[in-house]
Amino acid sequence: MPTLFTDPRSGGVKKSSGVNVLPIVAETWAQIRDDKTDVDYLIASFDGSSKTDITVISSGSGGVEVCAAALLENKPCYGGVRLRGRFVTFFYVPEGCPPLQRGRGVLNVLEGSDKEIDMRPGLTEDQC
């Protein structure tokens with residue numbers, strides 16, 4: 001039975017997911033949003049075998065196509081892309097991904113997003 005401290009309906013303390021988004025994720029997102037850099041995408045996921053730390057797995061230039069090609073096959077991926085002057089985020093879960101790793105907690109670190117896109121391997125800018 002929920003208690004006053006765990007039941008969000010009561011306004012009580014909400015339990016943390018335990019996920020730790022490393023500062024490099026927000027720093028890389030800031031680079032994407034800076035028109036003075038060539039960095040236009042980032043992919044974040046769990047760091048190595050960690051079940052709690054999320055870090056940048058890939059970042060660079062090349063837009064949606066390069067980002068889609070760099071998605072991991074065995075872990076959920078969170079990220080953002082500069083797309084035609086707008087900033088979009090995504091959440092990608094490959095088939096077979098463990099259910100406990102499917103949360104969306106990272107997207108709140110990527111502030112200033114215009115929308116979320118349905119990222120998948122092979123996605124092109126024309127499909128967004």
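In what follows, every heavy atom counts, from backbone to side chain, and hydrogens, waters and symmetry copies are set aside. Computed from a prediction, not measured in an experiment: that's the story for all the values here.
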Beyond-backbone contact of V88 with V64, side-chain heavy atoms, under 4.5 angstrom: no
query: Roughly how far apart are I32 CD1 and F87 CZ, rounded to 0.5 Å?
result: 8.5 Å
Distance-only donor-acceptor hits, side chain of residues 121-128, under 3.5 Å, sequence neighbours excluded:
residue, atom, partner, partner atom, Å
T124, OG1, Q127, OE1, 3.4
Q127, OE1, T124, N, 2.9

field: Backbone of E111 reached by a side-chain donor or acceptor of W29 within 3.5 Å
entry: yes
- prompt: Among all residues two or more places apart in sequence or in another chain, which pass the side chain to side chain contact (heavy atoms under 4.5 Å, CB included) test with S58?
  reply: Y41, I43, A70
- prompt: For D114, which residues count as a side-chain hydrogen bond (donor to acceptor under 3.5 Å, both in side chains) partner, sequence neighbours excluded?
  reply: none
task: Starting at OH of Y78, measure out to CG of L42 and round the result to the nearest 0.5 Å.
output: 13.0 Å
query: Got a donor-acceptor contact below 3.5 angstrom from the K75 side chain to the P94 backbone?
result: no
- prompt: With T37, which residues qualify under side chain to side chain contact (heavy atoms under 4.5 Å, CB included), at least two apart?
  reply: Q31, D34, V39, R82
field: Side-chain donor or acceptor of D40 paired with backbone N/O of G62 under 3.5 Å
entry: yes
- prompt: Partners of D53 by side-chain hydrogen bond (donor to acceptor under 3.5 Å, both in side chains), sequence neighbours excluded?
  reply: N20
statement: CD1 of I24 to CD of E27, rounded to nearest 0.5 Å, is 4.5 Å
message: Which heavy atom of C67 sits nearest to which heavy atom of V81, and what is that distance?
response: SG-CG2, 4.0 Å
Counterpart residues, salt bridge (Lys or Arg N to Asp or Glu O under 4.0 Å), relative to D118 (two or more places apart): R120
message: Rounded at 0.5 Å granularity, tell me how far CG in N74 sits from OG in S45.
response: 8.0 Å
message: Using a 3.5 Å distance criterion without hydrogens, assess whether the side chain of S50 forms a donor-acceptor pair with backbone atoms of F46.
response: no
task: Look up atom CD1 in I54 and atom CG in L22, then write down how far apart they are to the nearest 0.5 Å.
output: 8.5 Å
F91 and M119: CA distance, side-chain angles, deciding distance, side chain to side chain contact (heavy atoms under 4.5 Å, CB included) verdict: CA-CA 7 Å; F91 176 63; M119 180 61 78; over 6 Å; no
